[in-house]
Amino acid sequence: MNDLNQTLFDRAKTVIPGGVNSPVRAFKAVGGTPKFITHAKGAHFWDANKQRFIDYIGSWGPMILGHGDPRVLEAVQKAALEGFSFGAPTEREIELVEMLIRLTPSMEMVRLVSSGTEAAMSAIRLARGATGRQKLIKFEGCYHGHADALLVKAGSGLATFGNPTSAGVPPEVVKDTLVLEYNNLEQLKQTFELHGNEIACLMIEPIAGNMNFVRASIPFMALCRELCTKHQALLVFDEVMSGCRVALGSAQSVYRKSLPGFEPDMTVMGKVIGGGMPLAAFGGKRAVMEQLAPLGPVYQAGTLSGNPVATACGIATLKAISEPGFFDALALKTQELTLGLSQSAKRHGVDFSADCEGGMFGFFLLPELPKNYPEVMKSNGELFNRFFHGMLSKGIYFAPALYEAGFVSAAHSSADIQETLQAADSVFQSL
Ligand SMILES: *Cc1c(COP(=O)(O)O)cnc(C)c1O
């Protein structure tokens, strides 16, 4: 058959570096030709060959309602008719921010931006400006977008190339970024003992989705909070992926179940809160947020920040996921998937472990769940690639890299999950 994906990929490669506008889309980790998507509806999308796929990436998280939810479509269409962008404030920005603050009360004030990268970068600048300190802690395997200071042994796209840092990042820009091992309590204690009074912030994905799916343990999270408080460093949660995805109150609400009163000082959000439009946010305590321009000395700005069409999309999405029972139903469906995959792998003697929270999941071709990046990378890449391509050929689209999480949407039906499990059963058998 004439592979129209290949035709498009060849054409793309002549004018777009690697043929893609974000590296992981190129299928470099798994090999083969990326699918060029023509359209999507509900839990499905179609490629250039008109093959239908069950979509488990959901645009890497945002599409929590599935594609083309009528409530969101209506809001976006109405907003588009009213105007694309004004460069002046709108009521919709207030409405979205008020919703975010209601859902995530650790944020007293929020600023809207257009990408997770921008939000994380701005949060770091604000943390440094507000504390007057330079150093920041990040964890190996956590991804916070591609700002220079955060491209230190970054996970996700970069890990594909086995390259711990990006070319073009001057060493002096990352010299204040301390990269630690996720879930390593001892190393964290030592780092704070050595550098406590120089640390502006500790940035962490509380449930990491860029080294597949790895949770910060409860004791580790409690220690992060304790040490940040003790040394007056800001605890910054990067919930760009986990935000409004693992729970309506984001990952911080999940930790609050075990750690009463638990709160980060700042939160970075993106993905779901824009419902598939370019929208992200960062927020925190009033005293910190008021350090931002025009009130304070920390500069931050954006031509399209708080875009009226994007905010309409975000508001409609947040309204829909706030309906009673939404997350319970989503979590059950996600559990049905991970449990079914686990049972199927077991039947065929394949090492397998899986975890999930809300509408986000991860699975590993490993006998036990990994706790940090080096453990994730012990996965057998060749085996994963065979699994991935086996599933893909049966119309099941999982993330094309073993260090990426997966996503279930409200639009996934029981039939979709069953079709996925049937496909997995025959692929596991062939492994
Ligand atoms: C996706 C992601 C980012 C970057 O967001 P972009 O919108 O791609 O710039 C940052 N942090 C986390 C945890 C993410 O998952």
Side-chain angles (χ1 to χ4, degrees), residues 20-26 56-64 104 111-125 127 136-160 166 177 179 182 201-216 235-247 250-252 254 264 266-283 300 302 304-307 310 313-314 317 357-362 373 376 399-401 403-407:
V20 292
N21 286 308
S22 197
V24 74
R25 297 179 197 169
Y56 287 105
I57 62 165
S59 183
W60 301 97
M63 308 314 297
I64 193 166
T104 319
R111 178 152 285 174
L112 300 177
V113 294
S114 301
S115 75
T117 293
E118 216 188 327
M121 176 188 82
S122 305
I124 298 275
R125 184 182 307 140
L136 60 104
I137 292 176
K138 90 171 274 289
F139 297 94
E140 192 183 11
C142 287
Y143 177 67
H144 306 295
H146 62 89
D148 282 0
L150 295 162
L151 279 185
V152 196
K153 291 193 181 174
S156 203
L158 282 173
T160 325
S166 166
T177 309
V179 185
Y182 203 72
C201 68
L202 177 160
M203 184 173 265
I204 186 168
E205 281 184 79
I207 296 177
N210 289 284
M211 47 175 157
N212 203 321
F213 180 107
V214 182
R215 295 168 191 270
L235 176 59
V236 184
F237 265 25
D238 182 348
E239 298 228 44
V240 172
M241 191 179 276
S242 57
C244 299
R245 170 48 85 174
V246 299
S250 300
Q252 46 200 275
V254 176
M266 266 205 270
T267 302
V268 181
M269 299 186 99
K271 297 194 169 109
V272 169
I273 67 163
M277 289 273 184
L279 192 146
F282 62 105
Q300 188 278 332
L304 298 178
S305 290
N307 176 269
C313 187
T317 302
E357 189 72 44
M360 177 170 159
F361 66 89
Y373 184 70
V376 171
Y403 48 81
E404 301 285 0
F407 304 95

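Numbering of ligands and ligand atoms starts at 1, following listing order.
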Item checked: Test item: Arg245 side-chain N/O and Gly359 main-chain N/O as donor-acceptor pair under 3.5 Å -> yes
Check: After noting the C-alpha distance and the side-chain angles of Glu404 and Asn210, does the key distance pass the side-chain contact (heavy atoms from CB on, under 4.5 Å) rule?
Finding: CA-CA 5 Å; Glu404 301 285 0; Asn210 289 284; 4.0 Å; yes
Next item on the list: Could you tell me whether Lys271 approaches ligand 1 through its side chain, its backbone, both or neither, with non-hydrogen atoms closer than 4.0 Å?
Entry: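 The side chain, only.
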Item checked: Region of Asn210 engaging ligand 1 - heavy atom pairs below 4.0 Å -> side chain
Which residue and heavy atom of the protein sit nearest [atom], plus the separation:
atom: atom 5 (O) of ligand 1; value: Gly116 CA, 3.1 Å
atom: atom 12 (C) of ligand 1; value: Tyr143 O, 3.3 Å
atom: atom 4 (C) of ligand 1; value: Thr117 N, 3.6 Å

Supply the atom-to-atom distance [X] [atom1] to [Y] [atom2], rounded to the nearest 0.5 angstrom.
X: Ile207; Y: Asp238; atom1: CD1; atom2: CG; answer: 12.5 Å
X: Met241; Y: Tyr143; atom1: CE; atom2: OH; answer: 9.5 Å
X: Leu151; Y: Lys138; atom1: CG; atom2: NZ; answer: 8.5 Å
X: Leu112; Y: Leu304; atom1: CG; atom2: CG; answer: 12.5 Å
X: Leu136; Y: Thr177; atom1: CG; atom2: OG1; answer: 4.0 Å

Hey, does [X] come in under 3.5 Å of ligand 1, counting only N/O atoms on both sides?
X: Glu118; answer: no
X: Val240; answer: no
X: Glu205; answer: no

Next item on the list: Please check if a non-hydrogen protein atom sits closer than 4.0 Å to atom 8 (O) of ligand 1.
Entry: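 It does not: no protein heavy atom is found less than 4.0 Å away from atom 8 (O) of ligand 1.
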Checklist line | Atom indices of ligand 1, in the order listed, that fall short of 4.0 Å to a heavy atom of Asp238 | finding: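 Those qualifying, in numeric order: 10 (C), 11 (N), 12 (C), 13 (C).
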Next item on the list: Check ligand 1 against Ser115 and write out every atom of the ligand that is under 4.0 Å from a heavy-atom position of the residue.
Entry: 7 (O), 9 (O)
Notebook entry, point to check: Do Gln300 and Arg125 have a side chain donor and acceptor closer than 3.5 Å?
Noted result: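 Not at all, the side chains of Gln300 and Arg125 share no donor-acceptor pair under 3.5 Å.
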